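Shown next, in C-alpha cells, is the structure this report addresses.
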Amino acid sequence: MSADHRFEEQAQALGFPLSAPIKIGGDYTPALRDGDLIYVSGQIPRVGDDIAVVGAAGSDVSLDRARFGAQISTLRALALARQLCGSLESIVGVPRVSVFIRSAPDFTQHSEVADAASQLLGTVLGPHATHTRTSVGVAQLPKGATVELDFIFRVDSRSGR
C-alpha cells in the first residue's frame with residue numbers, strides 16, 4: 001500500500017476531508033520547497049474554517065483531544081507536502097518536527113501529545129518517518145488552538161514538481 005493511500009485512510013479515519021482547502025492565517029506561504037527539502041509552516045488543527053481543538057491542554061482540553069489536534073495538524077502538513085511533490089511516496093525523510101502545545105501551567109505530557117504526530121507519520125510514511133523532534137509548552141497559539149506543528153520533509157530530488 002502506498003504512502004498516499006495510507007494518508008487517505010488516516011484522513012478518513014480522523015474525519016479530515018481531503019477535498020477541503022488548506023486555509024492559512026496570514027501573509028506567508030504554508031509550504032516551500034527548496035531543493036530536496038520541503039518546509040511546512042506551523043499548522044494548527046484547522047478543518048475548513050473551524051479550529052478543531054481550542055484551549056489549553058491539561059485544563060480546557062484533555063490529553064486525547066490534544067493528541068487529536070496534533071494528528072489533524074500533521075495531516076495538514078502531509079497534504080501540503082503532497083501538493084508540492086506530487087506524491088507522499090517522494091518523501092524519503094523527516095529531518096525535523098517542532099510541536100508547540102498550549103498548556104495549562106501544570107501540564108507535563110507534551111511528549112505524549114507530540115507522539116500522536118510521530119505515530120501518524122510512522123503509519124503514513126513507514127521507515128521514512130524517522131525524525132528529530134522538539135515539543136514545548138506555550139501560553140498561547142494562533143486562533144486559540146491547542147497545538148501547532150511545523151515540519152521539514154526531505155524528498156527524493158528526482159521527484160515531481
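For clarity, every value in this text was computed on a predicted model and none was experimentally measured.
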* To do: Measure the acute angle between the ring planes of Phe107 and His110, then classify it against the limits of 30° and 60° as parallel, tilted or perpendicular.
  =>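 Perpendicular, since the angle between the ring planes exceeds 60°.
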
State, with a plain yes or no, whether a side-chain heavy atom of [X] is found less than 4.5 Å away from one of [Y].
X     : Y      : value
Cys85 : Arg33  : yes
Ile72 : Val53  : no
Ile24 : Arg46  : no
Phe7  : Leu75  : yes
Val94 : Arg154 : no

Under a plain distance cut-off of 3.5 Å, with no hydrogens placed, do Arg96 and Thr134 share a side-chain donor-acceptor pair?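 On atom types as modelled, these side chains qualify, holding a pair under 3.5 Å.
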
Item to complete: Classify the side-chain pair Ser90/Asp156 by whether it contains a donor and acceptor separated by less than 3.5 Å.
Response: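 No - no donor-acceptor pair under 3.5 Å links their side chains.
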
Can you name the nearest heavy-atom pair linking [X] to [Y], along with the distance?
X      : Y      : value
Val155 : Ile38  : CG1-CD1, 3.7 Å
Ala52  : Phe68  : CB-CE2, 4.2 Å
Pro17  : Gly15  : CD-O, 3.3 Å
Thr146 : Ala66  : CG2-CB, 4.1 Å
Ala70  : Val147 : N-CG2, 3.6 Å

Let me confirm one number: the [atom1]-[atom2] distance from [X] to [Y], rounded to the nearest 0.5 Å.
X      : Y      : atom1 : atom2 : answer
Ile22  : Leu80  : CD1   : CG    : 5.0 Å
Ile101 : Leu149 : CD1   : CG    : 7.5 Å
Thr130 : Leu121 : OG1   : CG    : 10.0 Å
Phe100 : Ser73  : CZ    : OG    : 12.0 Å

Hey, are Arg133 and Asp115 close enough for a salt bridge, meaning a charged N less than 4.0 Å from a carboxylate O?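 Salt bridge: yes.
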
**Q.** Salt bridge flag under 4.0 Å for residues Glu89 and Arg82
**A.**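 Judged by the 4.0 Å cut-off on N to carboxylate O distance, Glu89 and Arg82 do not form a salt bridge.
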
I'd like to know if the side chain of [X] reaches the main chain of [Y], judged simply by a donor and an acceptor atom lying under 3.5 Å from each other, with no hydrogens or angles considered.
X      : Y      : value
Asp4   : Leu88  : yes
Gln140 : Val138 : no
Arg76  : Lys23  : yes

Going hydrophobic residue to hydrophobic residue with side-chain gaps under 4.5 angstrom, can you get from Val92 over to Leu120?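 They do not share one cluster, since no chain of ILVMFWY contacts under 4.5 Å joins Val92 to Leu120.
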
Hydrophobic cluster identity match, Leu141 and Leu63, side-chain contacts under 4.5 Å: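 They do not share one cluster, since no chain of ILVMFWY contacts under 4.5 Å joins Leu141 to Leu63.
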
> In this structure, are over 12 heavy atoms from other groups packed under 6.0 Å from Glu9 atom CD?
Replying inline: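 Counting neighbours around CD of Glu9, more than 12 heavy atoms of other residues, nucleotides or ligands fall under 6.0 Å, so yes.
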
**Message:** My understanding is that only residues two or more places apart in sequence, or in another chain, count here; which of them pass salt bridge (Lys or Arg N to Asp or Glu O under 4.0 Å) with Glu112?
**Reply:**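 For Glu112, no residue satisfies salt bridge (Lys or Arg N to Asp or Glu O under 4.0 Å) once neighbours in sequence are set aside.
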
